Asker: 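Can you keep this structure in mind? I'll have questions shortly.
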Amino acid sequence: MAHFDMKKGMTDVRVRFAPSPTGYLHVGGLRTALFNWLFARRHGGTFILRIEDTDRDRSTDAAIEAILDGLRWAGLDWDEGPHRQSDRWDLYRQKAMELLDRGRAYWCVCTPEELEARRKEAQAKGESLKYDCRCRERGLTAPTQSAALRFRSPQEGQTVVEDLIKGSITFDNAVLDDLIILRSNGYPTYNLSVVIDDALMGITHVIRGDDHVNNTPRQVSLFEALEYPVPKFAHVPMILGEDKSRLSKRHGATSVLAYEEMGYLPQALVNYLVRLGWSHGNQEIFSIGEMIEKFSFDHVQSSAAVFNPEKLQWLNAEYIKQGESRHLAELLLPFLEKQGYDPNGVVQPRGGIEAVVPHLRERAKTLVEMADWTVPYIVDPVAMDEAAAGKFLTPAIAPSLHKFAERAKTIEPFSKETLEPVVHAILEEEQLKMGKFAQPLRVALTGRTFSPGIYEVMELLGKDRTLIRIGQALNRIKEPLI
RNA sequence: GUCCCCAUCGUCUAGUCUGGCCUAGGACGCCGGCCUUUCAAGCCGGCAACACGGGUUCAAAUCCCGUUGGGGACGCCA
């Protein structure tokens, strides 16, 4: 085809991500997409998005949107598509008929119920569940009853798949089913449409999940029967849950967009996923550029990997720490709005959200956590943690807080440099250790027992809100609510 | 049951192809310490693995065979 580059002496790389739109994009799908994308970018190739919606009952437009949203969020851009197989019915039917005409396919009138019954029987007897080829030699030409079209799969010899990740895999053709390529309702099945599309779209490398390994020899036979060149294959290992069973909802979130909602940065998820099954020496953190530069199937693991949320969270914290204030502030906005923040309202930290970020990014593991810690600066009055108040806002500390507030009134400018000497003077006069004073002050100002440094908190709040909050704390000590 | 694949710390992995540099390295988590105005972060230290059994070899985590264990597939799903 047109993808042959004389200079390189090899075919230009063309890969595809081909999800079926029956649900959201899950982390396993994203990793498959990522490996495809990385391989394409690494080799200056083309990344194609194809929607495999040949199952008309289970495919939905909402799922397509969810998948596209997930890919966009993760930053995986595609060069072609999304193509939809449902736009290509005629093509698949035409190819199926060609196979029929050439004797490579035959009509099968076994009903789904009969097939199911025979499978059950075989299972009970402990036999292979393979189709018994009952209709193979019937020579049905134009069945009047409902019939499916089956591919006449070669039954002699072996098919060897040279997998880029797993090495060579050998199958006896005798174990291969005569698979259905056209349903009795006239619509093609996955195994037919995938082969036709991969061939016609010039796919050079089929990079997909491990669960397709057993389909591969059947598809290779189909490529050959259709007289198409056979692409190279790379089957990426599965992602398992903690109990080593296939990753599913009961292991926690599997939807890519759920990670967005939980406050993960796309780069962190992508970095986690690329390291799950692939490695480059001891390196853990990769920029997108480094991934593209270093990715190769040579170092993709051939065994399944367990999804580890703790490590993902660690990476997320790393990316948050490295994040630029302005960028993080932007990402934080939707989370803050959930906490009741009004970007145009009067209740603002001094210097804006961007000013809070540097004090929180060192310690936050997710944007959700970061948003929660921002609450004291964006909501008035302060939401008081009763347990903290009970423990720290005591009559004993009231005089010191009062004294501090009195002196703070005159401090100008209101900053760490000017506040620090005042606090130290009070500690000395009142014979207090820093912890004994800072902790009650922290609770008064933030309503919580943990926060950034106390001077930073006061800077962010500004003089007015600092004084108001100390005043409110003193009132509360004087006249405790019942 | 049949077929396919896989097997290094709890987890992700380096090392395996090209046997010796491996008294098996890194990372997450966990434990302890330091720092400290809180919570984190940071820094330092610790625990922790070549599934088992046979070969081959002067030498095996690395090569071969078997066993066990795990995963996947066996749909008119993809």
Side-chain angles (χ1 to χ4, degrees), chain A residues 18-22 52-55 57-59 108 110-112 115-116 119 122-131 146-150 161 163 166-167 169-172 174-177 179-185 187-191 193-194 208-217 235 237-238 240 242 244-246 272 275-285 298-299 301-315 317 321 360-365 369 373 388 392 423 427 433-439 441-443 446 448-455:
Chain A
S20 63
T22 55
E52 309 229 316
D53 54 353
T54 54
D55 184 344
D57 297 333
R58 295 202 304 153
S59 301
C108 171
C110 301
T111 65
L115 294 169
E116 177 61 22
R119 268 194 300 270
Q123 177 116 44
K125 283 198 224 156
E127 290 168 358
S128 163
L129 307 185
K130 188 184 160 186
Y131 173 60
S146 146
L149 195 66
R150 281 190 190 266
V161 177
D163 192 274
K166 294 175 182 294
I169 309 171
T170 305
F171 299 84
D172 281 329
V175 307
L176 304 181
D177 261 31
L179 38 83
I180 289 175
I181 54 179
L182 229 48
R183 299 173 168 92
S184 53
N185 65 10
Y187 286 90
T189 58
Y190 160 77
N191 278 302
S193 56
V194 75
R208 65 197 348 175
D210 221 346
D211 47 343
H212 286 290
V213 167
N214 287 280
N215 285 326
T216 307
H235 287 97
M238 305 267 84
L240 309 179
E242 204 181 2
K244 302 224 179 199
S245 71
R246 198 172 178 154
Y272 176 71
R275 270 292 281 107
L276 195 62
W278 171 77
S279 61
H280 182 78
N282 285 333
Q283 189 170 348
E284 296 288 348
I285 297 178
D298 295 349
H299 291 274
Q301 201 81 356
S302 46
S303 52
V306 173
F307 190 83
N308 182 205
E310 276 91 29
K311 188 151 185 181
L312 204 209
Q313 193 171 70
W314 169 75
L315 267 168
K321 260 181 265 180
L360 302 181
R361 72 177 156 204
E362 296 292 323
R363 49 198 92 201
K365 292 191 163 48
E369 203 169 57
W373 293 344
F392 292 105
V423 168
L427 294 184
K433 290 223 169 154
M434 184 60 172
K436 290 285 176 202
F437 180 69
Q439 209 50 357
L441 183 55
R442 170 169 288 112
V443 172
T446 67
R448 309 174 179 206
T449 55
F450 56 91
S451 79
I454 198 70
Y455 302 114

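Just so it is clear, the structure is predicted and the values come from calculations on it, not from any experiment. Below, chain A is the first sequence line, B the second, and so on; all start at residue 1. Reckoned from all heavy atoms, side chains included, excluding hydrogens, waters and symmetry mates.
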Asker: Counting the atoms with a prime plus P, OP1 and OP2 as sugar-phosphate, which does A:Gly277 contact under 4.0 Å by heavy atoms, base, sugar-phosphate, or nothing?
Answerer: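 Sugar-phosphate, backbone atoms only, no base.
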
Asker: Under 4.0 Å between a side-chain N or O of A:Ser279 and OP1 or OP2 of B:A14?
Answerer: yes

Asker: A:Arg183 has a side chain; which of B:A7, B:C74, B:C76 sits nearest to it?
Answerer: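 Out of B:A7, B:C74, B:C76, the nucleotide with an atom closest to A:Arg183's side chain is B:C76.
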
Asker: Do we see a donor-acceptor contact under 3.5 Å between the side chains of A:Arg58 and A:Thr22?
Answerer: no

Asker: Look at all strands and tell whether A:Ser146 reaches a base, only sugar-phosphate, or nothing, counting heavy atoms closer than 4.0 Å.
Answerer: nothing

Asker: At under 4.0 Å between heavy atoms, what does A:Arg119 touch on the DNA or RNA strands: base, sugar-phosphate, or nothing?
Answerer: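 Sugar-phosphate contact only - A:Arg119 comes under 4.0 Å of backbone atoms but never of a base.
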
Asker: Give every pair of a protein N or O atom and an N or O atom of nucleotides 20-26 of chain B that lie under 3.5 Å apart, one pair per line with the distance.
Answerer:
| unit_1 | atom_1 | unit_2 | atom_2 | d |
| --- | --- | --- | --- | --- |
| B:G25 | N2 | A:Asn282 | OD1 | 2.8 |
| B:G26 | N2 | A:Glu284 | OE2 | 3.1 |

Asker: For A:Lys130, does the NZ atom have more than 12 heavy-atom neighbours from other residues, nucleotides or ligands under 6.0 Å away?
Answerer: yes

Asker: Nearest to the side chain of A:His299, heavy atoms from C-beta on, is which of B:G29, B:G15, B:U13?
Answerer: B:G15

Asker: Across the strands shown, which category fits A:Asp57 at heavy-atom distances under 4.0 angstrom: base, sugar-phosphate, nothing?
Answerer: nothing

Asker: Reading nucleotides 33-50 of chain B 5' to 3', which nucleotides get B (base under 4.0 Å from a protein heavy atom), which S (sugar-phosphate only), which -?
Answerer: ----BBBBSS--------

Asker: Go through B:G29, B:C3, B:U11 for me and flag the one nearest to the A:Phe171 side chain.
Answerer: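 Comparing B:G29, B:C3, B:U11 against the side chain of A:Phe171, the answer is B:C3.
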
Asker: For A:Thr22, report the nucleic acid contact type (base, sugar-phosphate, nothing); a contact means any heavy atom under 4.0 Å.
Answerer: nothing

Asker: Under 4.0 Å, heavy atoms only, any strand: does A:Leu276 hit a base, just the sugar-phosphate, or nothing?
Answerer: sugar-phosphate

Asker: For B:G26 versus B:C63, give the span between their C1' atoms, rounded off to a whole number of Å.
Answerer: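 Straight-line distance between the two C1' atoms is 27 Å.
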
Asker: Just checking A:Gln313: base, sugar-phosphate only, or nothing, at a heavy-atom cut-off of under 4.0 Å?
Answerer: nothing

Asker: Could you tell me whether A:Cys110 contacts a base, only the sugar-phosphate backbone, or nothing, with contacts defined as non-hydrogen atoms closer than 4.0 Å?
Answerer: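 Base contact - A:Cys110 has a heavy atom under 4.0 Å of at least one base atom.
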
Asker: Can you tell which of B:A73, B:A7, B:C76 lies closest to the side chain of A:Ser302?
Answerer: B:A7

Asker: Is A:Gln123 close enough to B:C74 that one of its side-chain N or O atoms is under 4.0 Å from OP1 or OP2 there?
Answerer: no

